[in-house]
Amino acid sequence: MNIHEYQGKALLKSAGVPVLEGVHCTSVNEALEAYDTLGSKVVAVKSQIHAGGRGKGTMYNPDTREEVMQGGVKIAFSREEVENYASNILGNLLVTIQTGDEGKIVNNLYIESGCAIAHEYYLALLVDRESKDVLIMASTEGGMDIEDVAHNTPEKIHKINVDPNSGLLGFQKRDLGMALGLSGNALKSFFKMLGKMYDMFVAQDCAMVEINPLVKTEDDEMIALDSKISFDENAEFRHKEWNDLRDLSEEEEVEIRAKETGLSYVKLDGNIGCLVNGAGLAMATMDVIKLYGGEPANFLDVGGGADEEQVKTAFSIILEDPNVKGILVNIFGGIMRCDIIARGVIGATESLGLDVPLVVRLAGTNVDEGKAILAASDLNIHPADDLADGAQKIVSLIGGGE
Amino acid sequence: MAIWIEEDAKVLVQGITGKQGMFHAGKMVEYGTNLVGGVTPGKGGQEVLGVPVFDSMVEAISQTDADATVIYVPPPFAGEAIMEAANAFETIKGEGVIVCITEGIPTLDMVKAAAYVANRENVRLIGPNCPGIITPGETGGAKLGIMPGHIHAKGRIGIVSKSGTLTYEAVAQTMSIDEGQSTCIGIGGDPVNGTGFIECLAAFEADSQTEAIVMIGEIGGNAEQEAAEWAKENCSKPIVGFVAGATAPPGKRMGHAGAIISGGKGTAEEKFAAFEAAGIACARDPSELGQVLLASLKKAGLR
């Protein structure tokens with residue numbers, strides 16, 4: 001789960017990590033009030049969307065698709081500029097390298113005081129899958145795309161891994177600061193800030209905290225100038241406060257609905273809907289559809305213990321997508337029994353009035369009962385023997401493929 | 001010989017009085033697993049499925065001399081259940097196998113638990129978020145997890161996979177060419193887990209019953225690439241591979257917490273390429289795994 005920059009800054013601030021003064025706004029008037037309150041001559045006017053690349057993005061009018069302004073993050077030197085930038089941003093579409101062409105409507109703005117920057121750094125905390133611990137990564141090349149830095153100048157990225165038994169140790173913080181070339185007050189400031197940030201990472205069950213840039217001011221203080229924070233959704237049960245941080249406009253509504261009913265759904269661009277049990281098999285089903293010349297419309301894992309009702313919900317979610325021209329059901333019954341799936345499929349097709357071709361492949365527990373139930377129904381259901389057979393059948397039924 | 005879990009292994013179930021625990025413990029017994037007890041704190045003294053329930057793992061292992069435990073404890077408590085089991089096996093027997101089925105454990109809980117297990121040399125963790133491990137026998141066998149027992153048969157193919165149902169698919173594929181399995185292991189789809197691909201490959205390589213290996217990966221991380229590199233240097237037995245997620249869009253979590261392409265890394269293409277570079281025979285369609293395996297067995301003079 002991702003949160004906005006302004007929410008991340010508030011978390012950092014309460015954890016004791018230095019950030020600049022800022023105000024979250026949703027209107028031009030609020031932005032002007034914020035400018036007056038902050039009392040800073042120079043402020044940053046920042047679009048709040050979850051995708052990165054905001055500064056280098058472009059603002060468009062959502063209706064006419066005409067370009068409004070270059071950049072979704074602007075530095076304003078006067079009240080008039082704040083007004084101009086805020087009205088160019090709010091309600092308009094921001095397209096960045098990460099949003100795709102459809103972009104994101106900006107409804108939230110962050111007005112932040114300026115500061116005198118001496119140098120920009122990169123800092124990130126994340127879970128390292130290989131070493132199974134928290135990795136802290138820093139670089140002197142702040143403000144740039146870190147993947148480019150990693151590719152072109154890997155020696156400029158410094159890493160420390162935190163042993164979960166001992167936690168983040170003093171020498172590690174010092175070593176990392178020195179690797180960045182920090183000394184004197186800046187090193188002290190970095191040392192203190194990194195400790196607080198690690199504590200916050202653990203306490204808040206973060207998946208990633210990325211500060212790009214982290215800046216050294218002309219007064220030798222280290223300040224988090226940007227923040228990109230995401231949480232580990234598995235830990236949601238112990239963070240009720242996340243509910244208030246969730247911006248549903250940033251998530252696919254249908255994916256949220258699927259999750260609420262215990263389904264895992266991801267919408268894709270193709271036209272063959274898939275209903276599968278198990279994440280690995282669901283991915284493999286999409287792959288095989290593509291292999292035989294089709295395009296999957298979605299990833300959908302009904303989970304290990306789905307009942308008739310969930311199968312029905314799954315069907316209705318798949319059919320909401322107007323691109324769907326056919327459906328492939330692929331079930332390898334383990335805990336889940338094929339006869340239950342078969343009944344669910346029939347129940348769903350009867351109540352939803354299915355008018356696209358449906359191919360069903362069943363295997364595993366109670367497969368014979370399941371197949372018999374499908375065969376006995378007078379619905380137009382095409383049985384398949386295995387995954388390849390199922391994929392080929394659905395592709396040819398919708399008239400696609402080679 | 002199979003790997004890690006013998007056919008007659010003595011097995012405990014943590015969370016045996018819960019709905020999931022009781023259901024699956026029953027299925028394990030039906031298959032022929034030697035269930036010797038269960039653990040639920042506060043429920044000690046009861047009897048479930050004809051075996052005693054204990055309050056703690058220390059007590060359970062002391063009383064039953066168990067070799068392994070299967071965890072069906074809900075996510076908030078599963079990390080600690082793993083550590084309790086690791087401590088008890090280490091203290092009482094000096095060794096043991098922990099299989100954690102639970103899906104949805106907070107990643108930082110797993111960081112802690114994985115480090116705790118790693119500090120106990122002869123304690124092994126399989127999972128979490130996995131179907132478990134099964135060693136089929138002539139009749140029955142040891143089923144430590146949620147896989148459908150009846151699709152398996154004793155044989156010479158070792159299977160290791162990140163996914164549940166895709167593992168069953170691989171099992172069915174071996175059966176379609178009349179081959180059984182030595183041991184099948186689901187290592188799980190979480191970003192931080194216990195036993196990885198390389199440890200499984202090394203154990204299969206050393207196991208006399210196993211003559212060929214099926215390895216099923218998925219997008220996310222680079223465990224498959226590292227395993228392929230390791231196999232190239234260290235594995236003499238034929239390996240057949242598949243990677244799920246060739247059509248998965250970047251940046252989207254595909255069901256499993258660990259199945260995500262981030263920063264352009266961890267794609268199926270990358271993993272297939274690593275497999276092929278290591279001489280692993282790949283199937284692009286899991287329904288072809290059987291035929292690819294058959295060809296590999298023939299090439300190695302095993303059929």
Side-chain angles (χ1 to χ4, degrees), chain A residues 98 127-130 132-134 146-147 150 163-165 201-202 205-207 232-238 264 266 268-270 276-292 295-296 299 301 303-305 331-336 363-365 386-391, chain B residues 23-24 75-76 104-112 114-116 118-119 131 146-148 150-151 161-169 172 189 191-193 216 218-223 226 242 244-249 251-259 263-264 268 284-288:
Chain A
Q98 288 183 12
V127 173
D128 185 337
R129 302 171 65 138
E130 276 70 49
K132 302 177 186 178
D133 54 18
V134 176
I146 197 64
E147 268 128 29
D163 181 335
N165 296 307
F201 186 92
V202 175
D205 276 298
C206 295
D232 167 22
E233 302 211 15
N234 281 358
E236 202 173 349
F237 65 85
R238 59 187 176 210
S264 180
V266 176
L268 302 169
D269 298 330
V276 189
N277 66 330
L281 191 58
M283 280 189 268
T285 304
M286 291 159 34
D287 299 348
V288 173
I289 287 174
K290 176 100 174 174
L291 197 66
Y292 290 108
E295 289 288 342
F299 165 94
D301 172 11
I331 299 294
F332 203 116
I335 316 163
M336 177 180 269
T365 310
D386 62 21
L387 178 47
D389 182 39
Chain B
F23 176 79
H24 288 294
I105 305 176
T107 307
L108 290 176
D109 289 6
M110 273 317 301
V111 164
K112 225 195 262 178
Y116 192 90
N119 280 337
I146 58 175
M147 64 288 277
H150 65 88
I151 63 169
S161 165
K162 271 184 178 175
S163 143
T165 41
L166 202 45
T167 316
Y168 314 159
E169 194 78 54
V192 176
N193 62 358
I216 312 275
E218 65 187 29
I219 54 162
N222 67 350
E226 285 178 358
F242 174 75
T247 45
K252 278 277 188 185
R253 219 168 277 282
M254 306 304 281
H256 285 156
R284 294 282 166 161
D285 166 357
S287 358
E288 282 168 3

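Each chain gets a letter, A, B and so on, in the order its sequence line appears, and its residues count up from 1.
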Among [options], which residue has the highest count of heavy-atom pairs closer than 4.5 Å to chain B?
options                        : result
A:L387, A:L268, A:V202, A:D269 : A:L387
A:A150, A:A207, A:G278         : A:G278
A:V266, A:D128, A:T285         : A:V266
A:D301, A:N277, A:I331, A:D133 : A:N277

Which region of [X], side chain (C-beta onward) or backbone (N, CA, C, O), has a non-hydrogen atom less than 4.5 Å from a non-hydrogen atom of chain A, or is it both or neither?
X      : answer
B:E218 : side chain
B:A114 : side chain
B:N119 : side chain
B:I151 : side chain
B:H256 : both

Measure from the side-chain N and O atoms of [X] to the backbone N and O of [Y], and report whether any donor-acceptor pair falls under 3.5 Å.
X      : Y      : answer
B:S287 : A:D386 : no
B:D285 : A:V288 : no
A:D287 : B:A244 : no

* Residue pair B:R284 / A:L291: nearest heavy atoms and the distance that separates them ->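 Where B:R284 meets A:L291 most closely, the heavy atoms are O-CD2, 3.6 Å.
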
* **Distance-minimising heavy-atom pair for B:T247 and A:M283** =>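 Result for this residue pair: OG1-O, 4.3 Å.
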
Heavy-atom side-chain contact between [X] and [Y] under 4.5 Å:
X      : Y      : result
B:M254 : A:M286 : yes
A:R129 : B:V192 : no
A:V127 : B:L108 : yes
B:P106 : A:F237 : yes
B:L166 : A:F332 : no

* chain B contact via A:A284 - which portion, at a heavy-atom distance below 4.5 Å ->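 For A:A284, the contact with chain B is made by backbone and side chain together.
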
* Heavy-atom contact with chain B under 4.5 Å, split by part of A:A388 ->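 A:A388 touches chain B through backbone and side-chain heavy atoms alike.
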
* **Residues which pass salt bridge (charged side-chain N to carboxylate O under 4.0 Å, His left out) with B:D109, listed by chain and number, not counting sequence neighbours** =>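 Result, salt bridge (charged side-chain N to carboxylate O under 4.0 Å, His left out) vs B:D109: A:R238.
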
Top of [options] for chain A proximity - count of heavy-atom pairs under 4.5 angstrom:
options                : answer
B:R253, B:K162, B:H24  : B:H24
B:K112, B:K252, B:M147 : B:K252
B:P148, B:G104, B:S163 : B:G104

* To do: Dump the intermediate steps for side-chain contact (heavy atoms from CB on, under 4.5 Å) on A:E130 and B:E226, then the final yes or no.
  => CA-CA 10 Å; A:E130 276 70 49; B:E226 285 178 358; 3.8 Å; yes

* Nearest 0.5 Å, what's the CD-OG1 distance between A:E233 and B:T107? ->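 OG1 of B:T107 is found 10.5 Å from CD of A:E233.
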
* **A:K132 vs B:N193, side-chain contact (heavy atoms from CB on, under 4.5 Å): CA-CA, chis, key distance, verdict** => CA-CA 8 Å; A:K132 302 177 186 178; B:N193 62 358; 4.2 Å; yes

